Amino acid sequence: MDISKGSHYVFSRPMLATWAGCCILVGISTALVCVSQGWLNLDSSKEQNSPAETDDSNNTELVQKISAQLLQSTAARQCLDNPDEWKRVPYVWPRSDLSRKDALLTGSLLAPDKLAVEPVTFMHKDRKQFVVVVHLGKNTCGHKGIVHGGILATLFDEITGRPAFWNLPRNVALTASLKISYRRPAIADQVFVFRTQLTGLDGRKAEVVGQLEDAQGNLLSEAEALYISPKDDLVPDRSSQIEKVENFYPGCF
């Protein structure tokens, strides 16, 4: 065969068929070796989940686990076992999804390893006492392994405001002062119990005390708060929210 400049190789059909057959055999052999060594999985029924799917599954399991822990806590069981005295109420009053996302506790903090689920909330029939059970994850710390004091202050602010909200005019309660005494460190990634009670009501002013315990009942922190119901319409009237909760539990309060 002349392979001088300008000439071309000429392959016959039998040569091409032989070459193609060799390529196919090599490919099949390579695939079989890969399968035997576990480098290649041909079983479509065993497809691996994507990282996002795995994270969603893990988060769902975490939420279910923590929700069960909250309801099985001693404080929650005591309230559930006394339905004539205590009723479970929503922690967050009915609001739009947008406003929930904008809120600190139901937006930024509501996440795995932070506040994985909304707190479980119980109100006494006198509307002056609340028990709130929460789980604070490992990503809520200041010092390593210890819940940040600012997180606890935020929760005290929200939770001590509950009895003020239910008893002040127009059901509006704005924080005027909040004093917290930290007694013991709150170790992260466990269940905590907030207890709060209205101690004074004078016109547009409400005085409230609260305390934080671990799941074993050890006192961790105490709080004293003063709430004011403003004269003007700085904050819209919230009495309709009370009606919604009362409709949720008709005849209970």
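Side chains included, hydrogens not; waters and symmetry mates left out as well; all remaining heavy atoms used. This one's a predicted model, so the numbers in the text were calculated from it and none came from an experiment.
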Inset, instruction - To the nearest 0.5 Å, tell me how far Lys179 NZ sits from Leu226 CG. - result: 13.5 Å
Legend entry - Expected output: side-chain Thr196 to main-chain Val209 donor-acceptor under 3.5 Å: yes
Legend entry - Leu136 backbone acceptor or donor facing Thr140 side chain under 3.5 Å: no
Inset, instruction - Report yes if the side chains of Leu212 and Phe192 come closer than 4.5 Å at any heavy-atom pair, otherwise no. - result: yes
Legend entry - Donor-acceptor under 3.5 Å (Arg195 side chain, Gln211 main chain): no
Legend entry - Side-chain H-bond candidate by donor/acceptor type, Gln190 with His135, under 3.5 Å: no
Legend entry - Single hit among Lys125, Gln78, Gln129, Met123 for side-chain contact (heavy atoms from CB on, under 4.5 Å) with Trp86: Gln129
Inset, instruction - Please check if the distance between the ring centroids of Phe156 and Phe194 is under 6.0 Å. - result: yes
Legend entry - Heavy-atom pair with the smallest gap, counting every atom of Ser221 and Leu152: OG-CD1, 4.4 Å
Inset, instruction - Look at the side-chain heavy atoms of Ile, Leu, Val, Met, Phe, Trp and Tyr, link any pair under 4.5 Å apart, and say whether Trp166 and Leu168 land in one connected group. - result: no
Inset, instruction - Determine, using the 4.5 Å side-chain heavy-atom cutoff (strictly less than), whether Tyr182 and Leu178 are members of one ILVMFWY cluster. - result: yes
Legend entry - Shared hydrophobic cluster for Ile159 and Leu198 (ILVMFWY, side-chain gaps under 4.5 Å): no
Legend entry - Whether Thr160 side chain and Val208 backbone form a donor-acceptor pair below 3.5 Å: no
Legend entry - Pairwise distance NZ(Lys128) to OG1(Thr199) - rounded to 0.5 angstrom: 10.0 Å
Legend entry - Contact check, side chains of Val117 and Leu110, non-hydrogen atoms, under 4.5 Å: no
Legend entry - Separation between NE2 of His124 and CD of Gln197, rounded to the nearest 0.5 Å: 9.0 Å
Inset, instruction - Evaluate the side-chain proximity of Phe122 to Val89: yes if any heavy-atom separation is below 4.5 Å, no if none is. - result: no
Inset, instruction - Check whether any side-chain heavy atom of Val134 sits under 4.5 Å from a side-chain heavy atom of Leu70, and report yes or no. - result: no
Inset, instruction - Say whether Ile180 and Val132 are linked into one hydrophobic cluster, either directly or through other cluster members, by side-chain heavy-atom distances under 4.5 angstrom. - result: yes
Legend entry - Side-chain donor/acceptor of Asn167 to backbone N/O of Pro163, under 3.5 Å: yes
Inset, instruction - Compare all side-chain heavy atoms of Val133 with those of Tyr91 and state whether any distance is below 4.5 angstrom. - result: no
Legend entry - Residues Ile187, Val147; criterion side-chain contact (heavy atoms from CB on, under 4.5 Å); working and verdict: CA-CA 6 Å; Ile187 306 304; Val147 179; over 6 Å; no
Legend entry - Short side-chain to backbone donor-acceptor contact, Asp214 and Gln216, under 3.5 Å: yes
Legend entry - Check: Val131 and Val193 side chains under 4.5 Å, non-hydrogen atoms: yes
Inset, instruction - With rounding to the nearest 0.5 Å, note down the distance linking CG in Leu201 to NZ in Lys205. - result: 12.0 Å
Legend entry - Minimum side-chain heavy-atom gap Thr121-Pro90 below 4.5 Å: no
Legend entry - Nearest-0.5 Å distance that lies between atom CD1 in Ile146 and atom SG in Cys141: 8.0 Å
Legend entry - Side chain Tyr227, main chain Ala164, donor-acceptor under 3.5 Å: no
Inset, instruction - Could you tell me the separation between the CZ atom of Phe165 and the CZ atom of Arg127, rounded to the nearest 0.5 Å? - result: 10.5 Å
Legend entry - Closest heavy-atom pair and its distance - Leu174, Pro230: CD1-CG, 3.8 Å
